[in-house]
Colleague: 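Take this structure, written in structure tokens, and hold onto it; I'll ask about it next.
Atoms considered below: every heavy atom in the structure, side chains included; atoms not considered: hydrogens, waters and symmetry mates. Each chain gets a letter, A, B and so on, in the order the sequences are listed, and its residues count up from 1.
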Amino acid sequence: MAKQHVTTTVNGDQVEFLCTTEQTLLDVLRDELYLTGSKEGCASGDCGACSVMLDGRLVCACLVLGAEAEGRKVETIEGMAKGDVLHPLQQKFLEHAALQCGICTPGVLIAAKALLEKKPDPTETEVRYWLAGNLCRCTGYDKIVRAVMDAAAVMRTA
Amino acid sequence: MRSAIRRMEQSAISRHNAQIDQEEKALEMDYRTPGTASEAAALLAANDGAFVLAGGTDLLVKLRAGFVAPRIVVDLKQIPRLRGIEHDARGWRIGAATACAEIGEHAAFLAAWPGVVEGLQLIGSTQIQGRATLGGNLCNASPAADSVPALIAAGAVCEVAGEGSEREVPVECIITGPGRTSLARGEFIMGFRLPDPQPRSGDAYLRFIPRTEMDIAVVGVGVALVLDAQGLCTHARVGLGAVAPTPLLVAEAAKALIGTRVDDAALKALAAAASAACKPIDDKRGTIAYRIKVAGVLARRSAKNALDRATKK
Amino acid sequence: MNDMTTPGLANKEMKIVGTRPLRPDGVDKVTGRAKFGADIHVPNMLIGRVLRSPHAHARIQSIDTSKAQALRGVKAVITCADFGDLPSEFIPAGEMMVNFRDMTRNVMAREKVLYEGHPVAAVAAVSEAIAAQALQLIEVQYEVLPHVMDVAKAMEPDAPLLHEDMYTIGVEPKPAKPSNIAKRVEFGFGNLEDGFAKADVIVEREFATQPVHQGYIEPHACLASVSEDGQSELWCTTQGQFIVRAFCAKLLGMEVSKLRVTASEIGGGFGGKTVVYLEPLALALSRKACQPVKMVMSRIEVFRATGPTSGAKIWVKVGATKDGRITAADALLKYQAGAFQGSPVQPGAMCAFAPYDLENVRIIGFDVVVNRPKVAAYRAPGGPISEFAVESVMDEIALKIGMDPVEFRLKNAAKEGTRAPYGPKLGPIGLVQTLEAARAHPHYQVPLKKNQGRGVASGFWFNIGGETCASLNVGEDGSIALVAGTPDIGGSRASLSMMAAEELGIPLERVRPIIGDTSSLGFNFLTGGSRVTFSSGMAVVEAARDIIRQLRTRAAKLWEVSAEEVEWADGHARLLGEGNTKSLSLAELAKTAGKTGGPIIGNAAINATGAGPSLATHVVDVEVDPETGKVTILRYTAIQDAGRAIHPSYVEGQMQGGAVQGIGWALNEEYIYDDKGRLQNAGFLDYRIPVCSDVPMIDTVIVEVPNPRHPYGVRGVGETPIVPPMGAIANAVSHATGVRFTELPMSPPRVLEAIDSKH
Amino acid sequence: MAHLVLSGTLKQLAGGTSELDIDARDVRQLLRQLGERLPALAPHLAQEGYAVVIDGEIFPDAWLQPIGPDSEVHLVPPIGGG
């Protein structure tokens, strides 16, 4: 099958890959670039486990074609920590035990980061509605919401 | 003998594989990013099995589920006229491939048409908002599309581009049935036109879903209304979603409001008219009886919200 | 067997147990580094896909795979012909009694397909696209048969029969005709007639629940590699690598030692990953292709063909005196098993009235096959279903006699020495403490407004022990490698390390835990039954004590004294006796281990017994929109006896997660089938698990009534939290609306209909 | 002599016997004697993998578990979990 040649930026690095039209950005990240931090929970945009940033917008990588990444900027969970310094959200998720199995965690972290960049002081309700597209079956969301609020507080004073 | 059989099998298999090669070629899916509307129209007109890609939030799901098998995917997002929000002498223009998140962030448009923004912001999660578009939401032609009832109520008009043609079509004339539109081969939507809202006007959209987010509307109601200086309703439009094969513009429901102060009696008449207009089905998202009843409830609540906004303007 | 009790535990001051350190696997999970089932790629890997039945019930007349085999890029095609048939008999496999005749048919249909989504063939090809194409080339001829989905209809004499050779077990004499009723069970004692005669108030109700899926976010995934000589490797997402090994070895006719199973990080299981689906298929494909085969389910496949737990019909009758003493309790449970026998009706029956101290009680249960996917375990399997019905009836009785529902439960609460409905007397349990905590909680005093209601329910679950191994390897610098055999599904590496560090008296950071594969430890039963912190914890403590014995001996050798003269305290060997100050740290002893006898490792291989039931009481406030029937959860408080919370955050997490799963079960989750038995909502869009904005904060109160049979008093907490929510929410909705709700889910159309029919 | 209590299904399968004293010092002896005294019950216990409850504590698969002379013994189906 003929493949598209795509040049894009992932976590600040220029990368190139070949993909067929039906391969999604998620397929490409996981199976071509081996960035398996973004997870496939549904492949229909309902679970948010594949949340990534595309040109600064929060999207589900399963609903973007790999070919659409041409010339764009993609940010994934693998780029969230800087060197050995965790992002405050990552740190707070650990402190608050905001994960159990951890499968939804990368997507939730990417989504929460997008929220705090847009809204540094969200209310609990805003956090809950913003994260409504990130399903978590383990935690009941309580500790996730607390971790996001606490990280927001820390980031505001930083 | 045995090797003869093997040769026969081999040749059958290679014939089969040759056929598969051809099928594979036939199945190959092309991806195009036209830079102009005319280029896009030409691609869509010239190719069987050409599918438009805007936000992709419906197309990619159908693709993965095997419901559609496009030969060519035409990504419209590189066409400048399909992106962005503008204001001019005629009012508002929204590019059909503008992400809903972008529209929701536009303060002036939100102030002008809060009900339209309410509707489009209910399309999926934050992640979906980053991709979903008004053009896509309309052309996916779901009876339950969340942006459509409010657009209908607002009197929005689509700019439809085709090969060498452009025409304007009211939103309520696009969807002709579940998954079907009135667009001709080669046609697509470039943008949406909304007038500047009149003084003392307000619009609102409410939908019912079982959860608080992430569901498809069981019922959706958009209401837009205008009051005169005395507080009498002079103009109203009511759009209903998910209660019939297509979203509906319900004239009877509007009539229930026009000439009234949108008081309890008028709201009751509105609810009855909205319920009477429903021709729903029983499905996994709701029953006929439930949809009919809740359509009335939401019409009333939505009209109250629109009234509040009109009174404040 | 194992005497692991620690006298005076309550007085021992803990340095680590009971604190909230960061979990050892945490950084991997917040950086995307952790490898889950679908996250590995190996060279020369094929992709496997499954062809599934489009019919709910049909006889397979023929399967022609020749065209698929011939497709270029297809390396293997398998059907039931690639698995040996196995006789219908229950044989122990990895601590469970398993009927492999059923299991081999569930992983790959033989004579018949019994549910939509039932596998009929599988292929392995060089790409996903070719595998998908190959599936379309497989020709299956079906003779479609009438199907049955409803448990009551399936019990009727003229119902379509799923298994022509199924005769109800548990009735004497053996029935003359086969039926869909796999088993009848009965528990109880006393005299019901006498009991009901003494009652002032009797409430009798029928209830219905829908099957619900465990809803783990990670679909099933595995990667199998079988070499030409039969040596096999399997990587998969599972709650028990040893169980997978036992099942697959039997299904494929292999020696267990030839198969090494490695558990990946697991993205949720809740009981649903205690069985095999893809794993034997991937092994069979790999065996045929002599290449590694990776298989990952789509979300649609997960819903169509895995889990869920039973839907059920339940009848409950309870009598009580005016002053609130229960005189008799009777229940009839009919549970869907799915396509093969084995619903959790038995534990459901045992739990049904277990929170109550009863004189006259009976529970009868039926295990019934229907044309749905075979049920799998789901958190406290069977308990939530029967206890939903019982807790609803208890609430109604309390209402009728005008007694506060917590007070009513306190009057009848089971405690130490109470005879459980399934026979034996209970050991120490904390139900009374949870009820008292509920009554004292500020939540219980918050005033309610119009259209709001408050509900209370309690819940019981057994918890289990079982075969468990652990090893602790002392490194030459004194740090510890902890190897456990139970997949970590919600933070158990943290709790196990904490107990190891506490025992050894060393900082937590000195312990690094891993989950071993099946060749690194002896047999371990799976992660389930809330057993890991209990059983693996017990094994870790025993292994730590093994190390301490050795360290004392080494120190004694160095000091030229007897081991009895050396004690272990605060991570040091100390010479006993007046005026002695000699001491050696673990690190110092480890450094010289080679010179004092060789490396030091601590091992434990136990069959953990003494698991203690965990009881809970939940309080919930709801508001009901009287015009749409929508229920909003306003406030939620979960109170539970944890025995001892090793890491309280993860105990709270279990309680909160269980409560929210229960909210989904109560309000929206259900399977919707069309009239042909095809699932209509096989995705997260229309199978509606709670989203973040659906729920409030879930307040928790951990009650600690230590389990005397565990070195740290642990009970196990993972399952009980899903038992009370459905009853509590149904009671709250009933109080908010004035209508008694007996059917789950209480979805908006159902609630609105009930409200409207009241007027 | 340990005291064995049978109820529900097991009582029915045992032909109505609800209580019996058994001279068994461990679980294996108990199961062996049950096989001799209540032959209808034994295959059922084996097939279902019943656990033995001694003085309130459940022992699945524990043949060598001692049974005290005054112990109360029950049989319960195996408990799994999710």
Colleague: What I'd like to find out is whether the side chain of B:Lys77 reaches to under 4.5 Å of the side chain of A:Glu68, using heavy atoms alone.
Modeller: yes
Colleague: Would you indicate whether the side-chain heavy atoms of B:Met214 and A:Leu135 approach each other to under 4.5 Å?
Modeller: no
Colleague: So what's closer than 4.5 Å to chain B heavy atoms on A:Cys42: side chain, backbone, both or neither?
Modeller: neither
Colleague: Tell me, do A:Asn134 and B:Gln127 make a side-chain contact under 4.5 Å, heavy atoms counted?
Modeller: yes
Colleague: In Å and rounded to the nearest 0.5 Å, what is the CG to CD distance from A:Leu131 to B:Glu213?
Modeller: 11.0 Å
Colleague: So for A:Ile110, is it side chain, backbone, both, or neither that comes closer than 4.5 Å to the heavy atoms of chain B?
Modeller: neither
Colleague: Is a side-chain donor or acceptor of B:Ser125 paired with a backbone partner of A:Ala132 at a separation under 3.5 angstrom?
Modeller: no
Colleague: Hey, which of B:Leu53, B:Val73, B:Thr33, B:Leu63 has the most heavy atom pairs under 4.5 Å with chain A?
Modeller: B:Leu53
Colleague: Is any side-chain N of the basic residue among B:Glu105 and A:Lys118 closer than 4.0 Å to the acidic one's carboxylate O?
Modeller: yes
Colleague: For the residue pair A:Arg57 and B:Glu102, establish whether any side-chain heavy-atom pair is separated by less than 4.5 Å.
Modeller: yes
Colleague: Can you tell me how far CG of A:Leu65 sits from CG of B:Leu59, rounded to the nearest 0.5 angstrom?
Modeller: 7.5 Å
Colleague: In terms of heavy-atom pairs under 4.5 Å, which option from A:Cys60, A:Gly45, A:Ala67, A:Ser44 contacts chain B the most?
Modeller: A:Ala67
Colleague: Side-chain contact, heavy-atom cut-off 4.5 Å: A:Asp27 with B:Arg64?
Modeller: yes
Colleague: Which atom pair, heavy atoms only, marks the closest approach of A:Val64 to B:Leu60?
Modeller: N-CD2, 3.4 Å
Colleague: Got more than 12 heavy atoms from elsewhere within 6.0 Å of NZ, B:Lys284?
Modeller: yes
Colleague: Determine the minimum heavy-atom distance between B:Thr126 and A:Trp130, stating which atoms define it.
Modeller: OG1-O, 2.6 Å
Colleague: Would you say A:Thr20 and B:Tyr31 make side-chain contact, with heavy atoms under 4.5 Å?
Modeller: no
